[in-house]
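Sequence positions, counted from 1, serve as the residue numbers for this chain. Indexing begins at 1, ligand by ligand and atom by atom, following the structure's order. Quick caveat: nothing in here was measured; it's all calculated off a predicted structure.
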Amino acid sequence: MHAELESLTTEALALVAAASDQAALDQARIDLLGKKGRLTALSAGMRTVPPGEKAAVGAKLNEARTVISEALEARQRGLTAAADAAAVAGVDVTLPGRPQWQGSLHPLAQMQDRAVDILRRMGFALADGPEVETEWHCFDALNTPADHPARNEQDTFYFESGHLLRTHTSSVQVRTMEKADPPVRIIAPGSAFRRDEIDSTHLSAFTQLEGLYVAPDVSLADLKGTLEQFFQALLGPKTRTRFRPHFFPFTEPSYEVDVELHLTGQPTRWVEIAGCGMVDPAVFTALCAKRGDRVYDPDTITGFAFGMGLERLAMILWGIPDIRLLIENDARFLRQFA
Ligand code: DAH
């Protein structure tokens with residue numbers, strides 16, 4: 001038994017040492033220590049060993065098992081280390097790492113955040129309304145009659161149900177006043193849709209920011225002061241604003257607002273930037289009829305409203321020459337705002 005154990009151990013060590021890959025080593029383990037392995041077979045011989053020698057032979061068997069197991073483990077460590085080394089062979093660990101791309105807010109989102117931030121500090125609360133609107137909320141309640149060009153099928157996206165994609169965020173004015181009693185001081189940023197040809201200044205889906213302040217004694221001076229403050233906070237303290245008479249169905253009087261831009265490297269110039277005016281009494285009358293109360297009685301209530309395109313604001317603020325850059329998601333463009 002002793003001799004057999006010794007020669008088995010010697011052979012086993014040679015076998016393990018010769019195992020040049022994982023498959024060979026696994027096979028050696030099975031052949032040596034497996035259920036039908038050689039050491040297991042030798043152990044079975046214990047039965048025939050005379051009782052007096054059992055302890056000594058048993059000890060030898062254990063010793064052989066330990067030696068073989070350790071050899072297998074050592075070889076396993078060697079193979080694993082070699083495989084690890086092969087996996088990184090040719091990799092230059094001294095090269096600088098590739099930095100993970102860091103995301104950032106889209107310029108339009110940044111623009112919206114800035115505008116909302118300023119107006120919230122001025123006391124406006126955020127309001128919301130659906131993009132799929134009724135004609136009443138988008139047009140009728142805003143004193144826009146059925147024959148107004150904005151309601152033309154060629155200008156607006158209609159659904160068979162009679163709903164439409166809102167052509168402006170002014171519908172949120174109506175949505176808000178339908179539910180809330182005055183005073184109301186809200187802003188509503190959101191998408192608007194028109195059947196416009198897409199070009200360098202038009203998109204068929206774009207973003208607006210609506211504002212509305214309704215209370216008993218709101219004046220034109222309040223409107224002018226609010227927008228002047230807003231544009232100075234947004235575009236710089238030197239920014240001057242100009243109110244040009246205009247027409248909107250839902251305000252009377254109505255204005256277009258121009259701002260004078262002082263952009264580095266460019267001559268100062270005036271650009272049109274927003275629409276605004278005093279809420280038309282007809283809007284309040286429509287709300288009284290809908291609500292069935294006199295809370296928005298046009299004889300006692302007043303208000304101002306304003307609306308502007310956020311893409312246009314972003315283009316002006318950052319000198320973006322083409323509105324389509326804002327929807328193409330070209331990382332070379334977007335990265336400049338990271
Ligand atoms: N809704 C107008 C548009 O889409 C913008 C606008 C003009 C909004 C005057 C207003 C306003 O609230 O008072 O062109």
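For R244 and Y255, the positive end is not near the middle of the six-membered ring at less than 6.0 Å and at most 45° from its axis.
Between F284 and Y296, the two ring planes are parallel [angle under 30°; tilted spans 30° to 60°]. Using cut-offs of 30° and 60° on the angle between ring planes, the pair H168 and F139 is tilted.
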Intermediate values then yes/no, side chain to side chain donor-acceptor pair (under 3.5 Å), E178 and H137: CA-CA 10 Å; E178 241 181 334; H137 287 91; 2.9 Å; yes
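Here Q112 pairs with nothing under the side-chain hydrogen bond (donor to acceptor under 3.5 Å, both in side chains) rule; sequence neighbours left out.
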Contact table, ligand 1 N/O with protein N/O, distance under 3.5 Å:
from     : atom 1 : to   : atom 2 : distance (Å)
ligand 1 : 1 (N)  : H168 : ND1    : 3.0
ligand 1 : 1 (N)  : S170 : OG     : 2.9
ligand 1 : 4 (O)  : R194 : NH2    : 2.7
ligand 1 : 4 (O)  : Q208 : NE2    : 2.9
ligand 1 : 12 (O) : Q173 : NE2    : 3.2
ligand 1 : 12 (O) : E210 : OE2    : 2.6
ligand 1 : 12 (O) : F306 : N      : 3.3
ligand 1 : 12 (O) : F306 : O      : 3.3
ligand 1 : 13 (O) : A305 : O      : 3.1

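A donor-acceptor contact shorter than 3.5 Å links the side chain of Q208 to the backbone of T169.
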